[in-house]
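Not measured: the values here are computed from a predicted model.
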Amino acid sequence: MITSSNINFDQVIKKGKPLSSKYYSLYYTISEENSCRLGISIPKSSIPKAHDRNRLKRIIRNTMLGLKNETIDIVFLLKKNLDQYSINDDMIVRTHLLKDIKTILLDT
């Protein structure tokens with residue numbers, strides 16, 4: 001799994017298949033690269049503290065490790081405004097992501 005700044009977010013969002021939850025939107029498409037690329041967007045306005053944003057990004061990357069051998073591009077967009085951010089939010093997002101990973105694996 002490569003967290004990549006080379007991934008074109010707009011292209012994956014337009015051409016990719018969406019998966020959505022109350023907390024985030026996830027778009028994925030088959031990649032032309034030989035590796036899985038992950039793009040994560042967590043705006044400062046959603047989670048003001050940098051250490052909280054970094055913790056959530058780390059959890060997202062670790063949760064997506066099950067897809068590291070796939071040739072797929074994934075874009076994660078946080079949509080819920082988490083002003084009162086807590087560690088519980090991390091676990092909720094992780095649980096939803098695990099379900100979405102199973103969906104992605106079945107689809108590819």
Side-chain angles (χ1 to χ4, degrees):
M1 173 75 54
I2 300 172
T3 305
S4 181
S5 60
N6 298 347
I7 189 171
N8 187 344
F9 282 46
D10 292 333
Q11 184 179 7
V12 174
I13 291 170
K14 284 182 185 176
K15 295 182 180 180
K17 296 179 183 178
L19 291 173
S20 185
S21 91
K22 178 176 153 183
Y23 299 95
Y24 62 85
S25 294
L26 190 70
Y27 298 89
Y28 67 96
T29 186
I30 303 300
S31 174
E32 297 167 1
E33 301 288 323
N34 289 333
S35 61
C36 182
R37 298 187 301 172
L38 174 65
I40 301 172
S41 175
I42 301 176
K44 188 186 280 189
S45 62
S46 294
I47 301 177
K49 295 183 181 178
H51 65 275
D52 289 334
R53 283 193 309 277
N54 292 337
R55 177 182 167 76
L56 186 56
K57 287 180 195 176
R58 190 169 45 251
I59 286 173
I60 293 165
R61 283 192 304 269
N62 289 336
T63 304
M64 295 289 192
L65 280 177
L67 297 172
K68 70 179 178 181
N69 295 326
E70 303 294 323
T71 56
I72 194 166
D73 288 340
I74 303 168
V75 173
F76 177 95
L77 304 171
L78 187 72
K79 69 175 163 179
K80 183 182 177 203
N81 192 354
L82 300 175
D83 289 332
Q84 301 299 320
Y85 180 78
S86 70
I87 293 175
N88 189 32
D89 291 329
D90 289 343
M91 296 304 113
I92 292 169
V93 168
R94 185 176 188 281
T95 304
H96 286 278
L97 276 174
L98 287 172
K99 291 177 187 174
D100 289 342
I101 288 172
K102 290 178 185 176
T103 305
I104 292 171
L105 286 173
L106 290 174
D107 190 37
T108 55

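In this structure, Phe9 and Ser41 approach most closely via the heavy-atom pair CE2-CB, 4.1 Å. Across all non-hydrogen atoms, the minimal contact from Arg94 to Thr63 is CG-OG1, 3.4 Å. A pairwise comparison of heavy atoms in Leu67 and Cys36 identifies O-CB, 3.4 Å as the closest pair. Minimum interatomic distance between Ser20 and Lys79 (heavy atoms only, all atoms of both residues): OG-NZ, 2.8 Å. Between Val12 and Tyr27, the shortest heavy-atom contact is CG1-O, 3.8 Å.
Annotation: ring-ring contact (aromatic ring centres under 6.0 Å, His included) contacts involving residues 89-108, sequence neighbours excluded, comprise Tyr23-His96.
Residues Lys99 and Ser21 have side chains that never bring a donor and an acceptor to within less than 3.5 angstrom of each other. If you check the side chains of Asp100 and Tyr28, you find no donor sitting under 3.5 Å from an acceptor.
Applying the side-chain contact (heavy atoms from CB on, under 4.5 Å) test to Thr103 and every residue at least two apart in sequence or in another chain returns Leu19.
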Output, in order, the C-alpha distance, side-chain angles, deciding distance and verdict of side chain to side chain contact (heavy atoms under 4.5 Å, CB included) for Thr29 and Gln11. CA-CA 9 Å; Thr29 186; Gln11 184 179 7; over 6 Å; no
For side chain to side chain contact (heavy atoms under 4.5 Å, CB included), just list the numbers for Arg58 and Asn62, CA-CA rounded to whole Å, side-chain angles, deciding distance to a tenth of an Å, and then say yes or no. CA-CA 6 Å; Arg58 190 169 45 251; Asn62 289 336; 3.9 Å; yes
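No side-chain donor-acceptor contact under 3.5 Å links Arg37 to the backbone of Ile72.
Linking Ile, Leu, Val, Met, Phe, Trp and Tyr residues whenever their side-chain heavy atoms come within less than 4.5 Å places Leu26 and Leu105 in a single cluster.
The CG atom of Asp52 sits 12.0 Å away from the NZ atom of Lys57 when rounded to the nearest 0.5 Å.
Residues Val93 and Ile59 have side chains not in contact (no heavy-atom distance under 4.5 Å, counting atoms from C-beta outward). Side-chain atoms of Phe76 and Leu97, non-hydrogen and from C-beta on, do get closer than 4.5 Å to each other.
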